[in-house]
Amino acid sequence: MTQNKLISFCYLFIIGIALAMAFPLGSTAVVPLWAATAILGLLAGTALHFVRRRQPADARDALYAPPPRFDALQVGAWALLLAAALFLGYTRYLAMIQPPDQTLGRVRFTAEGATWKPTDQMAATSFLKIKTIAPVTEDIELRLVGRLEALRPVLDDNGLPILDDQGRWNFTQTDLPQTSDPVRIPAGTPAGAEVLVAQPFTHLDQVEPLNQPSTGVLAILKPVNAVSLFARSGRNVVPIRALGRITADPWVYSFKTVLAITPDYIQYQPDGPYFPVERQTIRVTINPDLPIYDSLARSAAYGYDIALSGELIAPPAAANVGAFDQAKYLRNYNIGGQMLLRTPLEGALPIDIIIPQGHDVPREGNGLVEFSLYLRDEIVRVIKQTMPQPNSAFLGALTLGLRYGMQNTLSIASERYDDTSVRPILELGRDTDELIADEFRASGINHVLAVSGLHVTIITIMFMGIFALLKVSRRVYVPFVIFALVIFAIITGARPSTLRAVIMNSLFLLTWGYMGQGVRSSALLGVPVAAFIILLQNPAMAVDPSFTLSFGAILSLALLTQPFFDIFKKFQGNQFIALAILVSLLTWAFAVHWLLVVTVRFWVLYGLLAAVLFWLARLLDRRNIKPIGSYGFANITPGVAGFIAAQFGMQIGMMIPLSAYYFYRWPVAGAYANLLAIPLVGVVLQLSMLAGLIGLIPGIGIYIALLLAAANWIFSTLFLLIGHYFSRWFTYPFVVKPTLRWLFTYYAAVALFIWWRPIWFRLLRPRWNKATRAGRAIALTAVALVVASVFAAGHAETKAIRHGGELAISVLSVGYGSAILIDTPDNKAILIDTAYVQTDRGRRNDAERTVIPHVCHKRIRKLDALILTSPEPEHIAGAPTVLQHFHVGQLGHPASLDAKLAEGPLAELLAERSPRRLKHRFSGTAIQPRTLVAGERLFASTVQGKPFAIEVLGPAPGDTKAPLTLRVVYGDFAMLIPSDLTYAQQQQLLETTPAEQLASQVVIAPGHGTPGLEGILVGMPKNYERSLTEITAALLQKAGAEAVIFEFGNPRPVVGDKYKVAAKLHGAARRIVEDQLPDARHLATDTDGAITILSDGHTYTLTAQYDAAVGYVDTPTSLEICW
Amino acid sequence: MEQGAKTLLIILITALLLGTLVVAFNPAYRQAFFALLRDEPAKSPIWRSNRDYYTDITLPATQAADKSATQETSHDAE
């Protein structure tokens, strides 16, 4: 019973976190909430104490009389404890996301004057905030008076800060009187507004009013000195200096290293004071050209004291709606800012390792962590001696969590391995430049690289097996196995999935070893307890994929395996054959034609076929024709049958909903690949661990390790081949992202499926049998209403995303490239251009990374048209990816693109999707390209009395060089998309098109704001300013542009060596356009993120993504806004 | 638990036998074995195939050689 309450306590704590995420209060609520939590906890503790004291008497009574049915005190005590858990979860999350400001005092203005009432003292140097407690009715002017204890580090002969032998930074302190600039709070400022004071203080003595308002109350607050407070956004920001320590194992890639540095002090302004830092870390990236790179790009660097200087950048929010939000992600990992350290051509290094006084070497970190990292490096050394590439990179990631080491490791099928010192076991004869990581992702076996329950369980079993072989008692070896698991967790980076598994397995070992409990009860207790421990330390992890996927997997295994097994075992004889045929057919469809699977017609036919097959099976049963007798799922070996049921449960419980939610994708191959991969990974992992550990034994160890690794070379190659072939056989489809409401409904249905027996037999059926006819009718109506409201809510959600009668245009932020999604007023989806694909080291496919997720986020399942405007790669490189993943109604392009459509991957894909192929004609996925010329009007319609069309303004018929120029018109609103028009083509458009045909409120700047770049070989042309003024700006003026959008980003991947010229040209274009169109709004996708334009046909609104995402940025970063 | 221990033992023995076959018949593994036997692990083709993988993790002998090379360089500078 106590166990159940402990489980309830943990789950209520998690619910508290969820409530804080959904309905967060302000930071001022944190202190009262902590007080409420403490009071509830105290009351619950007291009540439980009384309950416990009463228990012996109750127990004695129980021998002679039935126990009381309802013990109010006991129920009350547990209710209080559970309420405390709820409050604890809520408050813990709120305190982490919005650390409360310290209130230093209040200043009250009355007719008699101002009164300053201090309530708290500052403990360290900090900036201050002034907050309005009541609405301001009269202007208030004041200034703060106090002192600043300015800290400056003491430097040694080399100009480096001195760290004493106790690890304390040495400072000189200068006490200075400090007076802030006058602060003015105008009348009309609402309650709760905050003003930041630019000057730092260490002591606040007085608040001096500078005018005589008759009323008003202000609070003076000290914000928490978190790293995010000092981070600035944008480029070329003022560098900071920081003194701190490397507090995590460095992530060593082949081309860079990422350090996690926890700063003790930050100097925010050059020559300014140093601020003590209270929370968050900095993610610092260093490159191999740094002179001390080798000293930092190694495990031994963990624990080093560091002095560094550079630009501390606030992590950017998502540049596109529905895209990855780095700011949120890093905040979940307690990272407040990022630094990229570049090696200067001359002068001091941006980072130095500081050796404490009296020491010869830098300080080390935590002893246990140091030992774990040392052990890991030794195992890597064994792997490097016994396992060739690429298998070694795979085993490093699998066994030790070294995923960064296989970041750029090519597929085992790559021909590049043919020239290495160890030739592959098999020469596959099909060259590929895919990465192993991408193949694993596409084949759904990537989870083996996330060190999780699978690994920890295998290692637990391995150690238990070793001790059992040595005939050691479980009571003796359990602590050793737990210690080994802790070391393993540290070695692999202590990610949430690993911690979850280690905590759960440790609980299992303890309850199994000392209390004799079984696996199931341990799992049911272990899941919530592990979640509670992890979330207590970092509640933001609750929405992190590594946390939810890990817990989703274990809960799916524990709860869904048996129900699916019970269903599958019912299939026997002919029914089993029918099921096998249906599964085979579905597998074929998944592998061969995913776009067919997502059509309604496929599922209608599939359902009909299923009905026919099962009818046939029953018919044959009746006639006693049973080719396989009564053989069925129940006859399969229990282990294998259970494994299949578990895999099915994992797909339903975790992979399908959560993969779609987090990644917009479902690795359909995973359902099949894992049937082979999971049993194999058990062997590979155990052999790898054994080889690594045995290899550490001096002398004979490395030889045994070589023998084990030689065998494992074969097994690991098999594993890599599973990843390779399944990623080729199956597609890795995109799916529409489910909303939170949809997920909730889905999991409610899954819960009903799991517990339908107790719900029906214990809860519903007895009541149903007793109910009157009217009662039953009411119950059925209520159920129908609930179902209808769920569907209605889903429909409303979709409508909220895609408004009917409104034109929505998204100009996506895809670097130096173009991708524009048009959602027409009659809900047709048209994509114009598909962005660039970088195939070298960066490997960035913006179609896959940005464009398709955005389309999926908008719940668009089919593109009515894909229009490619230019043959340049930054417009069309992503087209094969888009066409591969979507039904596309039309493919429009200019004549200049004809050559591109006849060669390369685009030509292959068009040939494959030719209308001549029956399967594409049947599924409606055939593509027929169409050349567009001036004068055409696409998707012309009238919505609510307002005409909509996409007008083609160019090229003229017969022109085989010009890109498309499009004008999107809806009622009174128009937007001009001139694509990559050269100066000459712009001039022609300017001269030949009447102003009314060009008229557009919003215009996309031609050529990404770098017109004329195509004609430049070296340096800036002499006449570029004239061309920009007389042609580009004149075109924009003629169109009457009220807003100009520059689709710009890092041009280097696209234009190569001309990137500096492109950047200069873009700067000049923006300057000239701003001068020539001073009243227009100027936006760029690199600095403003994606731009969303909404129009009802009369007016329009234009929103920049970064403006919309302000709420996601940590509030303290607004410090810089004040300056 | 006895079952788990037995499985582990079977995996271990099978792997050792299979590994022996691989070392005997695969030239790269054979060379790696002899390189270890001659105490020249740096000449092993397996080690060489991993030269770009975690370059900070070197062979103990190489580390010593690197250290002495660094010392020589610093002496030269002086």
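As a basis for the values below, the full set of heavy atoms in this structure was taken, side chains included, without hydrogen atoms, waters or symmetry mates. Order of the sequence lines sets the chain letters (A, B, ...), proteins ahead of strands, with each chain counted from 1. Computed from a prediction, not measured in an experiment: that's the story for all the values here.
- Heavy atoms of A/I466 lying under 4.5 Å from chain B belong to its backbone as well as its side chain.
- Between A/L708 and the options B/L16, B/I11, B/L18, a side chain to side chain contact (heavy atoms under 4.5 Å, CB included) holds for only B/L16.
- For A/L469, the parts lying near chain B are the backbone and the side chain together; criterion is any non-hydrogen pair under 4.5 Å.
- Both the backbone and the side chain of A/D377 come within contact range of chain B, each with at least one heavy atom under 4.5 Å from a heavy atom of that chain.
- Looking at every heavy atom in both residues, A/K384 comes nearest to B/Y53 through NZ-O, 2.8 Å.
- For B/L37, the parts sitting under 4.5 Å from any heavy atom of chain A are the backbone and the side chain alike.
- Residue contact with chain B, scored on non-hydrogen atoms closer than 4.5 Å, involves the side chain of A/F715 exclusively.
- Neither the backbone nor the side chain of A/T409 comes within contact range of chain B; no heavy atom of the residue lies under 4.5 Å from a heavy atom of that chain.
- Comparing A/Q389, A/M406, A/M462 by heavy-atom pairs within less than 4.5 Å of chain B, the highest count is held by A/Q389.
- Atom CH2 of B/W47 sits about 14.5 Å away from atom CE of A/M387, to the nearest 0.5 Å.
- Using a 4.5 Å cut-off between heavy atoms, A/Y703 touches chain B through its side chain atoms alone.
- Across all their heavy atoms, A/V422 and B/A28 have their closest contact at CG1-CB, 3.6 Å.
- Within the 4.5 angstrom heavy-atom criterion, no atom of B/L17 approaches chain A.
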Legend entry - Verdict with reasoning, B/T55 to A/V252, per side-chain contact (heavy atoms from CB on, under 4.5 Å): CA-CA 9 Å; B/T55 48; A/V252 183; over 6 Å; no
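- Proximity to chain B is limited to the side chain of A/L687, based on heavy atoms less than 4.5 angstrom apart.
- Counting heavy-atom pairs closer than 4.5 Å to chain B, the top residue among A/I383, A/N712, A/L402 is A/L402.
- Contacts of A/A297 with chain B are made by backbone atoms alone, with heavy-atom separations under 4.5 Å and no side-chain atom involved.
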